[in-house]
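Below is one structure, written out as structure tokens; comments come after it.
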Amino acid sequence: MSSKKTTDASILATLLLIFLICAVFLAASLEINRKATNACFGTLDDVTAQVAADLRASVSGDREQLEVIADLLAQHDTMDSDIVRRHLSSFQQRGTISSVGLLLPDGRLILGSGLEAEADSTLDYADELQRAPYISGAITVADGSDRAFYCQAVPVRRGGETLGILYGFVNLSDLARELTVTAFDGNVQIYVADGETGDSLIDTWHDTLGNIFDSELMSCKTKRGYDFLQMKQDFVQGRSGRIAFRSNTAGEYFYSSYMPVGVSRWMVQLTVPEGAVFANVIYIRHILYGVALFEALAFAAYLLGVISRVRRDTAQKSQRLAQSMYMYSVQQTLFDAYKSPELFTAALQKVADMLTADRAFFVAMEGEAIHECFFFPTKAQDESDALVPHLASAKEHLSSGRSLLLYPEDIAASMEESECAGLMHRGIGSLMLSPVLNSDGALAGILGCANMKRRYADCILLECVSRNFLMALSNRRFYDQIEQASTTDALTGQRNRNCYERYLEQRPSPAPACCLYIDANGLHELNNTLGHAAGDAMLTCIGSALTALFPPEGCYRIGGDEFVVLCPDCGEDTLRLCIAQLRQRVEEAGYRISVGEAWLKDCAGVQEMIVSAEKRMYEAKHQYYREAQGSERRVRGSRPAI
């Protein structure tokens with residue numbers, strides 16, 4: 001009896017132990033599912049926020065480009081169709097903008113390149129004037145291609161007058177390709193929709209754009225605690241939220257996070273299938289079942305597996321974090337490179353550090369020619385005579401968009417013996433080259449590094465920052481164009497009044513030794529009698545003579561017929577000889593000028609020197625007109641020599 005009771009107690013204890021083990025495994029499975037779900041939504045929230053930020057940045061960048069174009073268009077006296085179309089065509093492929101157009105008050109819509117058809121505008125100018133600036137929803141182009149765009153509209157204003165409405169059209173397919181998500185191994189669908197209407201702008205899962213409030217989607221089964229009606233209300237009111245639902249098409253549950261983009265009424269939604277969310281959980285669950293079957297051995301294997309996976313995941317996360325920080329650091333460094341070219345070298349240093357290379361370089365190209373080179377360290381510039389020719393020979397491979405990774409054995413096999421010896425002589429034993437392609441797919445530059453301490457299987461670390469260098473290079477060239485236009489007189493090519501006043505505000509050191517104040521005698525009479533083209537010829541002649549006789553950086557056209565020359569170091573005899581030669585050149589062309597000079601040593605400062613030179617110029621000008629007689633006064637110095 002006692003033995004039976006002991007056996008029953010053992011059986012009961014065994015059953016209880018089995019029950020407890022099952023309960024523990026069930027509780028563990030549920031807890032793992034809960035944590036995986038929370039982690040999934042946490043990651044989705046972060047990635048959704050990042051996609052929303054990327055969209056805002058893209059839209060903001062496009063808006064800035066349109067405002068620049070609008071300002072440039074506003075500078076023209078006329079909105080002639082050919083002139084406008086030529087300017088619009090020259091501003092294509094800025095940011096994600098694929099085409100631009102200008103709606104004029106008379107209802108004409110002038111389009112740049114990038115769209116298949118140019119039809120008469122059906123836009124009402126008065127309505128558009130009331131709406132602008134604005135951002136549209138999805139627009140389908142009826143040209144047989146089913147391309148979808150959204151557009152931004154900004155007014156073109158000069159003074160208080162609106163000259164037209166400028167539109168920037170962005171291909172939504174191109175915009176979708178800009179949005180990349182690496183979370184969940186990239187197994188994420190991205191949707192962008194109008195929160196008020198539900199109309200889709202971006203849908204990376206379906207071939208065509210639909211409506212997020214589609215009845216078929218709204219009828220899908222949701223998990224407990226989630227509701228499509230609540231999601232619809234959140235979209236309409238611009239609130240963030242989450243939802244988990246079963247797709248009738250895919251036959252599995254999907255987890256989704258959504259939030260407002262901060263642009264118009266746009267909402268962005270990211271969705272990931274449950275299989276991707278619980279891929280790790282299934283693996284762990286199998287390990288737990290193994291523990292139940294194989295007891296201590298399986299438990300030990302589970303522990304080893306978990307430790308190995310944790311270490312691997314930690315290493316991968318650290319690597320991804322380091323890569324993300326590296327990409328962000330390069331991007332931030334290049335942010336102001338358009339006005340500080342030395343930042344290209346600083347960014348190359350970060351590339352070299354990440355790739356454990358002892359040098360890095362960026363070669364900018366224009367067409368087939370190499371235009372500019374940046375090196376880190378800067379002393380590597382001395383080795384460009386060996387490196388750049390090899391880059392030229394690699395252009396054919398790089399032009400196809402493929403990167404090039406060369407180690408010593410590859411260099412020996414792919415290069416001529418003399419080229420190989422040249423690289424080896426300069427200590428270059430390995431090369432990693434990544435093409436930098438512009439929006440047309442043409443080779444705009446080459447990003448590379450040499451002598452990596454680690455052996456890489458691919459060029460992903462170089463490729464992931466190549467576009468940052470392209471954007472920095474494009475911004476720099478655009479900035480140089482604007483800077484040139486803001487400081488140079490378009491007629492004479494000399495520095496303009498803006499540049500002159502900026503120079504004086506900076507209190508130049510050392511101060512100029514002397515100043516010439518020059519006035520073109522008879523310019524107004526020449527304009528009135530022979531036309532402004534003749535007056536322009538007169539000003540061009542004077543400007544050319546000044547540039548030939550004085551340092552160009554000190555020559556300014558500060559008014560319609562007034563020039564100023566600031567000489568940093570010039571003797572009196574030399575100056576008077578130059579003035580005499582200036583008068584001779586101008587008079588040989590049939591013109592006259594009045595010149596006033598002043599020296600810093602005779603004045604209290606630069607401003608007083610300029611005022612003194614201006615005063616003497618007016619004295620000379622009055623003397624000139626006193627000496628002029630009758631009609632000679634009107635035409636002397638007004639008729640160029642033939």
Side-chain angles (χ1 to χ4, degrees), residues 41 44-45 47-49 51-52 54-56 58-59 62 96 98 122-123 127 131 134-153 167 169-179 181 187-223 225-274:
F41 276 125
L44 273 177
D45 289 345
V47 176
T48 304
V51 172
D54 292 343
L55 279 170
R56 286 195 301 273
S58 177
V59 172
D62 293 341
T96 57
S98 59
T122 58
L123 300 172
D127 292 342
R131 295 178 62 197
Y134 70 86
I135 297 174
S136 76
I139 303 171
T140 301
V141 177
D143 60 355
S145 64
D146 292 329
R147 292 181 297 167
F149 296 79
Y150 88 86
C151 77
Q152 293 199 51
Y167 299 90
F169 299 93
V170 176
N171 191 315
L172 291 172
S173 297
D174 294 340
L175 182 60
R177 282 190 289 271
E178 295 286 333
L179 305 176
V181 177
N187 194 12
V188 178
Q189 291 88 42
I190 304 175
Y191 305 88
V192 178
D194 187 313
E196 184 174 9
T197 64
D199 292 334
S200 296
L201 289 92
I202 294 175
D203 185 341
T204 62
W205 195 13
H206 301 95
D207 294 331
T208 58
L209 298 178
N211 190 288
I212 201 72
F213 303 149
D214 183 74
S215 59
E216 182 177 354
L217 176 64
M218 300 292 285
S219 65
C220 291
K221 180 182 178 181
T222 60
K223 286 199 171 186
Y226 301 101
D227 182 21
F228 271 114
L229 293 178
Q230 180 63 48
M231 186 194 80
K232 182 176 182 180
Q233 187 176 2
D234 290 341
F235 267 61
V236 173
Q237 297 181 2
R239 294 195 301 253
S240 300
R242 301 168 173 176
I243 192 169
F245 63 95
R246 181 176 179 82
S247 170
N248 297 328
T249 303
E252 68 173 317
Y253 277 96
F254 283 76
Y255 293 79
S256 181
S257 175
Y258 53 85
M259 62 181 58
V261 175
V263 174
S264 189
R265 298 295 302 274
W266 291 7
M267 295 287 291
V268 60
Q269 181 176 19
L270 266 64
T271 301
V272 61
E274 189 176 53

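Taking each heavy atom of S200 and A138 in turn, the nearest pair found is O-CB, 3.7 Å. Nearest heavy-atom pair, E274 versus K223, reported as atom, atom and distance to 0.1 Å: OE2-NZ, 2.9 Å. In plain terms, the two heavy atoms of G198 and A193 that are nearest each other are O-CB, 3.9 Å. Contact record, P273 with E252: CB-OE2, 3.6 Å, taken as the closest heavy-atom pair. Taking each heavy atom of T48 and M259 in turn, the nearest pair found is CG2-CG, 3.6 Å. Of all heavy-atom pairs between L209 and D203, the closest is CD2-N, 3.9 Å.
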When you look at V170 and Q152, which way does the side-chain contact (heavy atoms from CB on, under 4.5 Å) test go after all the steps?
CA-CA 8 Å; V170 176; Q152 293 199 51; 5.8 Å; no

Checking side-chain contact (heavy atoms from CB on, under 4.5 Å) for the pair D54/E178: CA distance, chi angles, key distance, verdict?
CA-CA 9 Å; D54 292 343; E178 295 286 333; over 6 Å; no

If you apply the rule side-chain contact (heavy atoms from CB on, under 4.5 Å), what do you find for Y150 with L175, and how did you get there?
CA-CA 10 Å; Y150 88 86; L175 182 60; 3.9 Å; yes

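Residues I190 and V181 meet the side-chain proximity criterion, which asks for heavy atoms closer than 4.5 Å. At least one side-chain heavy atom of F228 sits under 4.5 Å from a side-chain heavy atom of I243. Within the 4.5 Å cutoff, the side chain of I135 has heavy atoms near those of the W266 side chain.
Between the side chain of S98 and the backbone N or O of F169, at least one donor-acceptor pair lies under 3.5 Å. Between the side chain of R265 and the backbone N or O of V236, at least one donor-acceptor pair lies under 3.5 Å. At least one donor-acceptor pair closer than 3.5 Å links the side chain of S256 to the backbone N or O of L270. Side-chain N or O atoms of S257 include none that pairs as donor or acceptor with a backbone N or O of F41 at under 3.5 Å. A donor-acceptor contact shorter than 3.5 Å links the side chain of R246 to the backbone of G251.
Between Y258 and F235, the ring planes are tilted. Angles from 30° to 60° get that label. Ring planes of Y134 and Y167: perpendicular class, angle over 60° (limits at 30 and 60°).
Scored by the side-chain hydrogen bond (donor to acceptor under 3.5 Å, both in side chains) test, Q230 finds D234 as partners (sequence neighbours excluded).
The line from CE of M218 to CD1 of I212 is 9.5 Å long, rounded to the nearest 0.5 Å.
Residues Y226 and F245 keep their aromatic ring centres 6.0 Å or farther apart.
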